[in-house]
Amino acid sequence: MVAGENGSVEDPWRRARALMAGLPDGGLNISHEAADRHVAAGRGDVTALRWLGKDGSRRDISFAELAEQSGRFAGFLTSAGVEPGSVVAVLLGRVPELHVAALGALKAGAVVCPLFAAFGPEPIRERLLRGRARVLVTTPQAYRAKVAALRAELPDLDTVLLVGDGAADLEGALDFRAAIGACAPMPPVSTRPEDPALLHFTSGTTGRPKGALHVHEAAVMHAFTGRGVLGLRKGDVYWCTADPGWVTGTSYGIVAPLALGVTSVVDEGEFDPSRWCAILQDEAVTVWYTAPTAIRLLMRAGAEFARSWRYPALRHLASVGEPLTAEAVEWGRAAFGHPFHDTWWQTETGAIMVANAAGADPVPGSMGRPVEGIEAAVVRRDGDRIMPVRDGDLGELALRAGWPSMFRAYLDDDERYRACFVDGWYLSGDLARRDEQGHFWFVGRADDVIKSSGHLIGPFEVERVLMRHPAVAEAGVIGKPDAVAFEIVKAFVVLRPDCNADEAMRRDILAFARRQLGAAVAPKELAFADALPHTRSGKVLRRLLKANETGAPPGDLSTLEGRGQP
Ligand code: WT7
């Protein structure tokens, strides 16, 4: 659509690929694009990462340092017998070792699998097992609390490296610093554009988390959208606030800015309105990519509050992950002098697909238009065909398959992968409308997945853990609308016959879920029910639970009419 609009027949991917340096023999390796190429071009001393520690400490890491450190980690992996294609899982917060580990693994030809640091032991076990991870890089604290007890259940996990104090004292694990210090830097393995590079687990409505696999060529799209949508250019100080455990943290927290040679702020601290405003001011951030939950929290603090700092360097504000209201878009202007620009994409798409791009005023409340090179449509499924709906009508957001960062597989689940595509189009599972000007408007999810504080949570993963509690006979889990987090996880539980539905029981089940799942995934609310509604085939009808909760009528697409409309 956009690609053809200017009458140009030029292949946009040809231009996008030109953003890559490539390897001399035609290979493509993300680690080379993110670090080594800049050293080769004489820009090694430019700051790649400006790390801000929780405790107020700070450290600048240059592209040369990043290239060297990641080369050492690649050397370590290779000497440890980790073959190309093996999975290296990374369970870290926002620390420079995250970048070193991810780029080092890619350099060795391994596949990086980021894990969310707020996960409890159960989601971690599941992902390490399903990913057949051979290596895990984490902290001594996380290892002790969440992984050590699982080692016997993870036969593929032969190497664990720990970042931080106390690493040397834990049995069955190595000290990351010491391990890489002992290895000479290695140049990138000459991976092909289609070789696997990134494994991101994401949640579906039913079944277990899905491992979306991306290839090295995804970096083409990361860089292309980093430039075209976020407007990144050399000299920028860019701040992506996404958690490194999710896809945004990799695509736009690591790959896009580094490939474009831009300096990234990496803040180890947690969200805090004063801290964030001070970072935007003091680090002279030029481009800021954040999420609606954080924006809503800042809005609570107030525009006046945000204006206690000054942002003369700030040029562009963008958002992703959840619906961004028109009010939030405009609030950006009042607080920071620039509107927030909404962008839409998913783990599966690997990079931004629909956006309000930098350099133009956003359409408040709309996700924007398809990115250059992307063909997007609003459709209805009709067997093995799709039918576009009329402008303004509700349908499913679909993308014509074939962009560089499109996922190439769900790990060990070809059937599920194939089911995402109809007639050459990828179906996103999101409901949307397109207006006559070609802007896309988010309406809701076509399925039951939950979005809480920007994190996608599969209800089944939560229900499965609840059912393990000895008193629970059945559980149904939904996203309950929330003013800040967009949704919170709420569980409905039917108890076994002789169990008491009292406050002590409620707390016990909630605590049980929190221990297993981690606070970010576990239910925040729990209600007892005598019975749960079921489909004819016996599945819990989450939609009805949700409708009762919100007061909206239950049912199909029609219940979503009227939300987030143009
Ligand atoms: C789901 C994908 C986006 C990368 C990080 C999350 C929702 C995403 C928007 C937006 C409304 C949005 C969708 C999508 N979402 N962006 N701009 N407006 N909803 O990736 O965890 O795979 O989540 O996030 O429902 O399908 P993810």
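What you see is a predicted model, and the numbers here were worked out from it, not measured in a lab. Residue indices begin at 1 and follow the sequence shown.
Here the shortest heavy-atom pairing between Pro12 and Gly373 reads CG-CA, 3.5 Å. Between Val287 and Val285, the shortest heavy-atom distance links the atoms O-CG1, 3.4 Å.
In this view, His38 and Phe63 satisfy the ring-ring contact (aromatic ring centres under 6.0 Å, His included) rule, not counting sequence neighbours. Residues meeting the side chain to side chain contact (heavy atoms under 4.5 Å, CB included) test with Pro114, sequence neighbours left out: Val112, His200, Thr250. Applying the side-chain hydrogen bond (donor to acceptor under 3.5 Å, both in side chains) rule to Arg94 yields no partners; only residues at least two apart in sequence or on another chain are considered. Scanning for ring-ring contact (aromatic ring centres under 6.0 Å, His included) contacts around His338 gives an empty result, with sequence neighbours left out. Residues that satisfy the side-chain hydrogen bond (donor to acceptor under 3.5 Å, both in side chains) test with Tyr426, not counting sequence neighbours, are Gln346.
Between Pro123 and Phe116 there is no side-chain heavy-atom pair separated by less than 4.5 Å. The side-chain heavy atoms of Ile295 and Ser319, taken from C-beta on, include a pair separated by under 4.5 Å. Residues Phe201 and Glu126 are not in side-chain contact: their nearest non-hydrogen atoms beyond the backbone lie 4.5 Å or more apart. Using a 4.5 Å heavy-atom cutoff, the side chains of Ile374 and Val354 are not in contact. Annotation: side chain of Leu399 is not in contact with side chain of Met406 (no heavy-atom distance under 4.5 Å). Using a 4.5 Å heavy-atom threshold, the side chains of Ser203 and Lys451 count as separate. Residues Glu97 and Leu92 form a side-chain contact, since some pair of their non-hydrogen atoms from C-beta on lies under 4.5 Å apart. Residues Trp51 and Ser57 form a side-chain contact, since some pair of their non-hydrogen atoms from C-beta on lies under 4.5 Å apart.
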Worksheet entry | Ser31/His216 under side chain to side chain contact (heavy atoms under 4.5 Å, CB included): CA gap, chis, key distance, verdict | CA-CA 9 Å; Ser31 74; His216 281 271; over 6 Å; no

Item to complete: Might you work through the side chain to side chain contact (heavy atoms under 4.5 Å, CB included) test for Ile352 and Val320, ending with a clear yes or no?
Response: CA-CA 9 Å; Ile352 302 169; Val320 69; 5.9 Å; no

Discussion item. Using side chain to side chain contact (heavy atoms under 4.5 Å, CB included), reason through Arg408 and Glu217 one step at a time and then give a plain yes or no.
Written reply: CA-CA 11 Å; Arg408 299 298 198 270; Glu217 201 189 32; 3.7 Å; yes

Worksheet item: So Leu213 and Val111, side chain to side chain contact (heavy atoms under 4.5 Å, CB included) or not? Walk me through it.
Response: CA-CA 9 Å; Leu213 196 63; Val111 175; 4.2 Å; yes

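With hydrogens and angles left out, the side-chain atoms of Asn29 and Thr191 include a donor and acceptor closer than 3.5 Å. Side-chain atoms of Glu322 and Thr293 form a donor-acceptor pair, as typed in the model, at a separation below 3.5 Å. At a cut-off of 3.5 Å, with distance as the only test, a side-chain donor of Glu348 or Tyr410 sits close to an acceptor on the other residue.
The CE atom of Met186 sits 10.0 Å away from the OG atom of Ser70 when rounded to the nearest 0.5 Å. The distance from atom CG of Leu517 to atom CD of Glu461, rounded to the nearest 0.5 Å, is 7.0 Å. Annotation: the span from Leu103 atom CG to Ile254 atom CD1 amounts to 6.5 Å, rounded to 0.5 Å. Ile124 contributes atom CD1, which lies 10.5 Å from atom CG of Leu154 (distance to the nearest 0.5 angstrom). Interatomic distance, Trp345 CH2 to Asp430 CG, rounded to the nearest 0.5 Å: 13.5 Å. Summarising the geometry, atom OH belonging to Tyr143 is positioned 9.0 Å from atom CG belonging to Leu150; distances are rounded to the nearest 0.5 Å.
The pair Asp412-Arg132 meets the salt-bridge criterion, since a charged nitrogen lies less than 4.0 angstrom from a carboxylate oxygen. Taking the charged nitrogens against the carboxylate oxygens, Arg125 and Glu122 do have a contact shorter than 4.0 Å, which makes a salt bridge. Ionic pairing of Asp156 and Arg134 is not present here: no N-O contact between side-chain nitrogen and carboxylate oxygen is shorter than 4.0 angstrom.
The backbone N or O of Ala351 lies less than 3.5 Å from a partner atom in the side chain of Thr349, making a donor-acceptor pair. A donor-acceptor contact shorter than 3.5 Å is absent between the side chain of His32 and the backbone of Ser190. With hydrogens and angles disregarded, no donor-acceptor distance shorter than 3.5 Å links the side chain of Thr286 to the backbone of Arg315. Judged by distance alone, the side chain of Arg72 and the main-chain N or O of Cys183 form a donor-acceptor pair under 3.5 Å. Side-chain atoms of Lys234 never come within 3.5 Å of backbone atoms of Gly261 as a donor-acceptor pair (strictly under, hydrogens ignored). Judged purely by atom type and a 3.5 angstrom limit, Lys210 has no side-chain atom pairing as donor or acceptor with the backbone of Tyr417. Side-chain atoms of Glu396 come within 3.5 Å of backbone N or O of Gly429 as a donor-acceptor pair. A donor-acceptor pair is defined here as one N or O able to donate and one able to accept, closer than 3.5 Å; such a pair exists between the side chain of His214 and the backbone of Thr347. A donor-acceptor contact shorter than 3.5 Å is absent between the side chain of Thr139 and the backbone of Val163.
Applying the ring-ring contact (aromatic ring centres under 6.0 Å, His included) test to pairs two or more places apart or on separate chains, those with a residue in residues 156-179 are Phe73-Phe176. Sequence neighbours left out, the pairs with a member in residues 260-270 that pass side chain to side chain donor-acceptor pair (under 3.5 Å) are Asp267-Arg275. Sorted by first then second residue, the ring-ring contact (aromatic ring centres under 6.0 Å, His included) pairs that include residues 144-166, not counting sequence neighbours, number zero. Sorted by first and then second residue, the ring-ring contact (aromatic ring centres under 6.0 Å, His included) pairs with a member in residues 92-115 form an empty list; sequence neighbours excluded.
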Anything under 3.5 Å between a donor and an acceptor, one on a side chain of residues 164-173, the other on a protein residue two or more places apart or in another chain? List them.
none

Going by atom type alone, with no hydrogens or angles, which donor-acceptor pairs under 3.5 Å involve a side-chain atom of residues 241-248 and a protein atom two or more places apart or on another chain?
residue: Thr241; atom: OG1; partner: Thr290; partner atom: OG1; Å: 2.9
residue: Asp243; atom: OD1; partner: Gly245; partner atom: N; Å: 2.7
residue: Trp246; atom: NE1; partner: His455; partner atom: ND1; Å: 3.0

Just list the side-chain donor-acceptor pairs under 3.5 Å for residues 224-233, sequence neighbours left out, or say none.
residue: Thr225; atom: OG1; partner: Met221; partner atom: O; Å: 2.6
residue: Thr225; atom: OG1; partner: His222; partner atom: O; Å: 3.2
residue: Thr225; atom: OG1; partner: Tyr252; partner atom: OH; Å: 2.6

